[in-house]
A.B. asks: 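After the C-alpha cells below, expect a handful of questions from me.
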Amino acid sequence: MQEKFNHIEVERAAQDHWQAKDAYRVTEDGSKPKYYACSMLPYPSGKLHMGHVRNYTINDMLTRQLRMKGYNVLMPMGWDAFGLPAENAALKNKVPPAKWTYENIAYMKKQMQAMGLAIDWSREVATCDPEYYKWNQWLFLKMLEKGIAYRKTQVVNWDPVDQTVLANEQVIDGRGWRTGALVEKREIPGYYLGITNYAQELLDHVQVGNEKATLNGWPDKVRLMQENWIGKSAGVRFAFTHDIKGTDGQLIQDGKMYVFTTRADTIMGVTFCAVAPEHPLALHAAADKPELAAFIEECKKGGTTEAELAVKEKEGKPTGLFVTHPITGAQVEVWIGNYVLMSYGDGAVMGVPAHDERDFAFANKYNLPIKQVVAVEGQAAYDDKQWNDWYGDKERGVLINSGDLDGLNHKDAVQAVAKIVGDKGLGELKTTWRLRDWGISRQRYWGTPIPIIHCADCGPQPVPEKDLPVVLPQDLVPDGSGNPLVKSEAFHAGVVCPCCGKPARRETDTMDTFVDSSWYFMRYCDAKNGEQMVADGADYWMPMDQYIGGVEHAILHLLYARFWTKVMRDLGLVKIDEPFTKLLTQGMVLNHIYSRRTAKGAKEYFWPKDVEHVFDESGKIIGAKLKVEVDSADGLLPVGTAIDYEGVGTMSKSKNNGVDPQDLIEKYGADTARLYTMFTSPPELTLEWNDAAVEGSYRFLRRVYNFGSKLTAMDMDSAVQGVVGAKSLDDVEFGKAAKALRLEIHNVLKQVEYDYSRMQYNTVVSGAMKMINALEDFKALDDTGAKVALIEGFGILLRVLYPATPHLAHVLWSELGYANHLGDLLDAPWPQVDPKALVQDEISLVLQVNGKLRGAILVSATADKAAIEAAALANEEYQKFAEGRAPKKIIVVPGRLVNIVV
RNA sequence: GCCCCGAUGGUGAAAUUGGUAGACACUGCAGACUUAAAAUCUGCCGCUUUUAACGAAGCGUACCGGUUCGAUUCCGGUUCGGGGCACCA
C-alpha cells in the first residue's frame with residue numbers, strides 16, 4: 001500500500017471494486033432477514049446539497065452496518081421529477097422541463113455515485129417516467145370507481161394579470177411573484193381524494209398512547225404533529241333555525257344554520273353567531289347590501305394559507321339576519337366573520353364571548369353583549385374588559401345563568417345539551433376533524449396528467465384503463481401565463497369521449513406531486529414491473545423498516561403516503577397497513593446568512609466564504625465584514641466592508657449560503673464529506689456548517705491511514721492476522737498493557753454498538769476516534785499479546801468506521817490482509833464485544849456528600865453494598881466534609897456512586 | 001395566530017434517559033521538530049475568587065420557580081431560535 005494517504009486513489013480503488021462486484025444489487029432472499037432502509041426521494045434540482053449528503057450518509061451507514069450483521073438490505077434511490085422548479089427553470093432558460101430535469105438527474109446520479117453510496121441502482125425510479133406515473137393515473141381511476149376520488153370546487157390563488165393560478169410559494173405579501181398584482185381567491189373545480197374517510201385509522205395508528213398504535217418507531221414529536229393535524233374533536237353539531245328564504249323562494253339550507261362546538265356547555269352564553277364570508281346566509285345578506293358584498297370581496301383578497309388568515313385582524317359585519325336559539329328561542333344576530341373557515345365544520349360558529357377568547361375579542365371590538373354562564377370557584381368576579389384564562393377553563397368551570405343546566409360541569413352539560421337539541425331534532429353529538437380531503441388538481445404542466453376527458457354532452461369521463469398512460473408532452477415550454485397543456489394541440493388531438501365517441505378535450509390539470517411521492521417506495525420493490533403497480537417484491541420488502549428524511553415532511557408527505565398505502569391495501573394491492581415502521585427525521589443543514597442593503601434598498605446576500613465574523617470581548621458574534629473584495633450591485637466592495645449578520649438559516653440559493661458538496665468531495669474526498677456530516681451533529685438535530693471542522697475530519701482519516709501503513713511494517717504474520725475475532729482469542733495471555741488496550745477498545749465498541757442501534761452516528765465517530773487514540777498511545781509492543789491486541793483493535797476500528805468511511809476502511813482492510821481471513825468488508829462479520837476484555841478487578845466510585853462531589857473511592861469490582869458504605873465512611877474526604885455530623889442516609893448506585901447524607 | 005421542536009464552554013457537541021457536566025472534536029494559546037514554512041507531535045483551554053506554587057473554595061447546562069439525597073435530564077411559567085400550517089418539495 002502507498003505510504004501517503006491519497007484519498008482520490010483510495011476512493012477509486014474501493015469504488016472500482018464495488019462496481020466490479022455489482023456489490024449493491026439485492027434480490028428477495030428468503031434465507032436472511034430483510035431490512036429496507038430508504039431516504040425520501042430527492043427533487044432533481046440541479047446538484048446535491050448538504051441536506052442530501054447528510055440524508056444518504058445516514059441511510060448508507062445504516063445499510064452497511066446491517067449488511068455486516070447479516071441482513072439482506074435494500075437501499076434504493078429515485079427522483080421526484082415533477083414539480084414547479086422545472087417549470088420555473090423552463091421559463092427562465094426557454095428549455096422544456098423534461099430536458100432540464102433529465103440533465104439534472106444524470107448529474108446528481110454521478111454525484112451520488114462519487115459519494116460511495118450502497119444504492120441498488122437497478123431499481124431507480126423517476127416519477128416523470130410514463131411507466132411510473134401511469135400507475136398514479138390507474139390508481140386515481142380506481143379511487144374514482146370506489147368514490148374515494150371526487151370532483152368539487154376548490155379555492156385557489158389567482159393572478160389577474162397573468163391570468164394564472166399561483167402556488168402559495170408564488171404569492172409574496174399577497175401579490176403575484178412575477179406581476180406584483182394583488183392576488184385574489186377564486187373558486188374552480190378540482191379533484192379530491194377522500195383522506196378523511198381514513199381519519200380514524202390514520203389517527204389510531206399514529207397516536208401516542210393509543211392501544212391500536214403501530215408507529216412506535218416514529219419520533220413522538222412527529223406522531224403528535226400528525227395527531228394535531230388530523231385534529232379529532234368531539235362536540236355537538238346543532239342548528240339555529242330561521243325562516244330566511246333565498247331568491248328561489250326556498251328556505252336557505254332548509255331553515256337550519258348548523259354550527260359545531262366543543263363547548264356546547266356554554267350554549268346559554270350565545271350572544272351572536274358568525275358565518276364564513278362564503279356561507280349561504282352571508283351571500284344572501286350581501287345580495288341587497290352593497291357594503292356586505294364589498295366586505296365579502298375584501299375577504300377574498302390575499303392568499304389562501306392558514307397562516308395568513310390566522311394573523312389577519314379579526315373583522316366582521318352584521319348581516320341584519322337573525323336566527324333562533326335552539327333552547328331559549330331568543331333571536332341571535334348573524335355576523336360575517338373573516339376568521340370563520342368555510343372548510344371546517346359547517347362554516348358557522350356560535351359566539352360565546354364570555355368563554356371563548358376569540359369571541360371575547362370580537363365582542364369587545366363590536367360592542368356585542370357578553371353573558372357569563374360559567375363560574376370557577378375561588379375566582380373573583382367576571383371582568384368584561386380583560387380576558388382571564390379561567391374564562392375558558394373546562395376542568396373547573398360550573399354552569400350558572402343557564403336555567404336547568406345550572407350546576408353542571410363541562411362534561412355533563414355537553415351531554416345534557418346534546419340531549420335537549422337531539423330531542424328537538426336539531427342536533428347531536430358529533431366528531432369533527434380538522435383534516436380536510438386532499439385536493440390534487442394543479443393547473444400546471446409538469447406533472448401527472450389527470451386521466452379525465454371532458455365531453456360537452458357527457459361531462460367529465462374517466463379515460464379507459466386500456467388507454468393509460470395519458471402521456472405528458474415532453475417538449476412544451478411554459479410562458480408564465482397559464483398551463484401550456486391547454487394550448488397544446490398534440491395533447492388534445494384525436495381525443496374522443498369514451499362514453500359517446502364525440503370529439504372531446506382532455507383534462508389539462510395535473511396531479512399534486514405529493515401523489516408521486518406517496519408510493520414510490522413500493523415501486524422500488526418491483527421497479528420494472530410492466531404489468532402491475534406493485535407485486536411480490538412489495539410483499540417481501542414492505543413495510544419499510546427505516547425511513548429517513550427531512551423533518552419538514554413530518555406532516556403532509558408522511559400522512560399522504562400513509563393514506564395512499566391504506567387505499568392500496570383496501571384495493572388488495574398490498575398486505576400492509578402502514579408503510580414506514582421506523583422513521584428518522586433528520587435535522588436541516590444550516591449556514592450563516594450575511595446580507596446588506598444596496599443603495600437602491602434591495603437586499604443582497606453574501607457567500608459565507610467571503611465573509612468573516614466580528615466578535616465582542618466575550619467572543620459573541622456581533623457582526624460581519626468582507627474578507628475579500630466582492631462585486632456587488634453598488635460596484636466592487638473593498639475588504640473589510642461591514643455586512644449585516646442575520647444568524648443561521650437553511651441553506652438556500654436565494655440566501656446565497658449553500659455549500660456545494662462537490663467542492664468538498666473534490667478537495668477532501670467523499671469519506672471526509674461523509675465523516676464530517678456524521679460527526680458534527682446527531683442526525684435529528686440541525687447541523688450548522690463550519691468549514692474549519694472539515695479539515696479535522698480529513699486529518700483523522702489520514703491518521704487512520706498512517707497507522708495502517710505502520711502496521712504493514714510491523715511484520716504481521718498471517719497467523720496473527722487471522723486472530724481478529726473474540727472467540728479465537730480465548731487462549732491468548734495478555735499482559736497488563738495489552739489488557740488495558742483491550743479494555744478500552746471493547747468498552748468503546750460496546751458503546752458504539754448501542755449508538756449504532758439508536759442511529760446516533762456522531763458518537764459512533766467519536767468512538768472510532770477514541771479507538772485510534774488508544775491504539776496510537778499503545779507503546780508497550782514487548783508486552784505479552786501486544787501485537788494480537790493491536791491487530792485485533794485495528795480490525796475492530798476498521799469495521800466500526802467502515803459504514804461511515806467505506807472507501808478508506810475497504811482499502812486498509814484488504815491491504816492489511818484482514819480480508820484474507822474475514823472476507824470482503826461488505827459482508828465481514830460485525831465485531832463482537834469480548835466480555836473477558838471488560839473484566840476489571842477494581843472500580844472507582846464517585847463519593848458525594850449531600851449530593852455534592854467530594855472525591856472518589858476505589859473498591860473491588862465485586863464489593864457489596866456494606867463494603868462500599870464502609871469504604872465511603874472511612875474516606876478522608878468524607879470525614880472532612882461531614883465535619884463530624886452523623887450520616888443520616890447512604891445511597892449506593894452500583895458501579896457509579898455513593899452519596900452520604902449528613 | 002395555531003401545532004411541534006430546540007437552547008449545555010470561543011465553536012460543534014457528549015452525558016447509556018434522575019447519578020462525576022463538558023467525552024470526542026474544531027478554534028485558540030504555549031512548546032518540540034525544522035534554516036524557515038507547512039505538516040506532524042506534546043501540553044493547556046467553562047467562569048470567578050484565592051495561592052509564590054501544588055492546590056483550595058464557590059458558581060455554572062437560556063431565564064424564574066418547584067419536586068428529589070441528587071436535576072442538563074422530571075413538573076409549572078418566561079424569553080429567544082428553528083420547522084410545519086394543506087398549490088415549494
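Every chain is numbered from 1, with letters handed out A, B, ... down the list of sequences. When reading the values below, keep in mind they use all heavy atoms of this one structure, side chains included, and skip hydrogens, waters and symmetry mates.
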A.B. asks: Ignoring hydrogens and angles, tell me if any N or O in the side chain of A:Asn338 forms a donor-acceptor pair with the backbone of A:Glu313 under 3.5 Å.
C.D. replies: yes
A.B. asks: Looking at A:Thr513, I'd like to know whether one of its side-chain N or O atoms comes within less than 4.0 Å of OP1 or OP2 on B:A89.
C.D. replies: yes
A.B. asks: Hey, could you give me the CD/CG distance between A:Glu744 and A:Asn773, rounded to the nearest 0.5 Å?
C.D. replies: 8.5 Å
A.B. asks: Less than 3.5 Å between a donor and an acceptor, one on the side chain of A:Asn899 and one on the base of B:C69, is that the case here?
C.D. replies: yes
A.B. asks: When rounded to the nearest 0.5 angstrom, what is the spacing between NZ in A:Lys365 and CD in A:Glu315?
C.D. replies: 4.5 Å
A.B. asks: Between A:Asp437 and A:Val901, just flag the one whose closest nucleotide in RNA chain B comes earlier from the 5' side.
C.D. replies: A:Val901
A.B. asks: What does A:Gln848 touch in the nucleic acid at a heavy-atom separation under 4.0 angstrom: a base, only the sugar-phosphate, or nothing?
C.D. replies: base
A.B. asks: Could you tell me the separation between the CD atom of A:Gln586 and the C1' atom of B:G82, rounded to a whole number of Å?
C.D. replies: 15 Å
A.B. asks: For B:U72 and B:G19, measure between their C1' atoms and round to the nearest Å.
C.D. replies: 13 Å
A.B. asks: Are OP1 or OP2 of B:A39 and a side-chain N or O of A:Asn706 less than 4.0 angstrom apart?
C.D. replies: no
A.B. asks: Which is true for A:Val165 with a 4.0 Å heavy-atom rule: it touches a base, it touches only sugar-phosphate, or it touches nothing?
C.D. replies: base
A.B. asks: Give the rounded distance in Å between these two atoms: CD1 of A:Ile772 and P of B:A23.
C.D. replies: 20 Å
A.B. asks: Using the P atoms only, state how far B:A71 lies from B:G60, rounded to an integer number of Å.
C.D. replies: 11 Å
A.B. asks: Rounded to the nearest angstrom, tell me the gap between atom CD1 in A:Ile891 and atom C1' in B:C69.
C.D. replies: 4 Å
A.B. asks: Rounding to an integer number of Å, can you tell me how far A:Trp218 CH2 sits from B:C5 C1'?
C.D. replies: 17 Å
A.B. asks: When the C1' atoms of B:C59 and B:G76 are considered, how many whole Å apart are they?
C.D. replies: 25 Å
A.B. asks: Dump the intermediate steps for ring-ring contact (aromatic ring centres under 6.0 Å, His included) on A:Tyr133 and A:Phe82, then the final yes or no.
C.D. replies: CA-CA 10 Å; A:Tyr133 66 69; A:Phe82 276 138; 5.6 Å; yes
A.B. asks: Between B:U17 and B:G65, how far apart are the two C1' atoms, rounded to whole Å?
C.D. replies: 24 Å
A.B. asks: Is any side-chain nitrogen or oxygen of A:Ser766 closer than 4.0 Å to OP1 or OP2 of B:A25?
C.D. replies: no
A.B. asks: Cationic tip of A:Arg434 within the cone over A:Trp229's six-membered ring, i.e. under 6.0 Å and within 45° of the normal?
C.D. replies: yes
A.B. asks: Distance from A:Leu775 atom CG to A:Lys710 atom NZ, nearest 0.5 Å?
C.D. replies: 10.5 Å
A.B. asks: When the C1' atoms of B:U68 and B:G18 are compared, how many Å lie between them, rounded to an integer?
C.D. replies: 9 Å
A.B. asks: May I have the distance from A:His553 (atom NE2) to B:C4 (atom P), rounded to whole angstrom?
C.D. replies: 21 Å
A.B. asks: So what does A:Arg223 hit on the nucleic acid, given a heavy-atom distance under 4.0 Å: a base, only sugar-phosphate, or nothing?
C.D. replies: nothing
A.B. asks: Can you check the distance between B:U27 and B:U42, where both ends of the measurement are the P atom (answer in whole Å)?
C.D. replies: 15 Å
A.B. asks: Now, which nucleotide makes the Watson-Crick or G-U wobble pair with B:A32, with each of the two distances under 3.5 Å?
C.D. replies: B:U40
A.B. asks: Look at all strands and tell whether A:Ala554 reaches a base, only sugar-phosphate, or nothing, counting heavy atoms closer than 4.0 Å.
C.D. replies: nothing
A.B. asks: Please determine if a side-chain N or O atom of A:Asn850 lies less than 4.0 Å away from the OP1 or OP2 oxygen of B:G70.
C.D. replies: no
A.B. asks: Using a cut-off of less than 4.0 Å, is there contact between a side-chain N or O of A:Arg699 and OP1 or OP2 of B:C26?
C.D. replies: yes
A.B. asks: At 4.0 Å (heavy atoms only), tell me whether A:Arg434 reaches a base, stays on the sugar-phosphate, or touches nothing.
C.D. replies: base
A.B. asks: What integer distance in Å separates A:Glu552:CD from B:C4:P?
C.D. replies: 19 Å
A.B. asks: Would you classify A:Asn762 as touching base, sugar-phosphate or nothing, given that sugar-phosphate means primed atoms plus P, OP1 and OP2, and contacts are heavy atoms under 4.0 Å?
C.D. replies: sugar-phosphate
A.B. asks: I need the NZ-C1' distance between A:Lys852 and B:G58, as an integer number of Å.
C.D. replies: 8 Å
A.B. asks: Would you mind pulling out the nucleotide paired to B:G9, Watson-Crick or G-U wobble, both distances under 3.5 Å?
C.D. replies: none
A.B. asks: Can you tell me if A:Thr164 and A:Asp159 form a side-chain donor-acceptor pair at under 3.5 Å?
C.D. replies: no
A.B. asks: Take the protein atom CG of A:Asn168 and the nucleotide atom C1' of B:A89, then report the distance between them rounded to whole Å.
C.D. replies: 13 Å
A.B. asks: With C1' as the reference atom in both, quote the distance from B:C80 to B:G70 in angstrom, rounded to an integer.
C.D. replies: 30 Å
A.B. asks: Could you tell me how far B:U16 sits from B:G31 if I compare only their P atoms? Round to whole Å.
C.D. replies: 40 Å
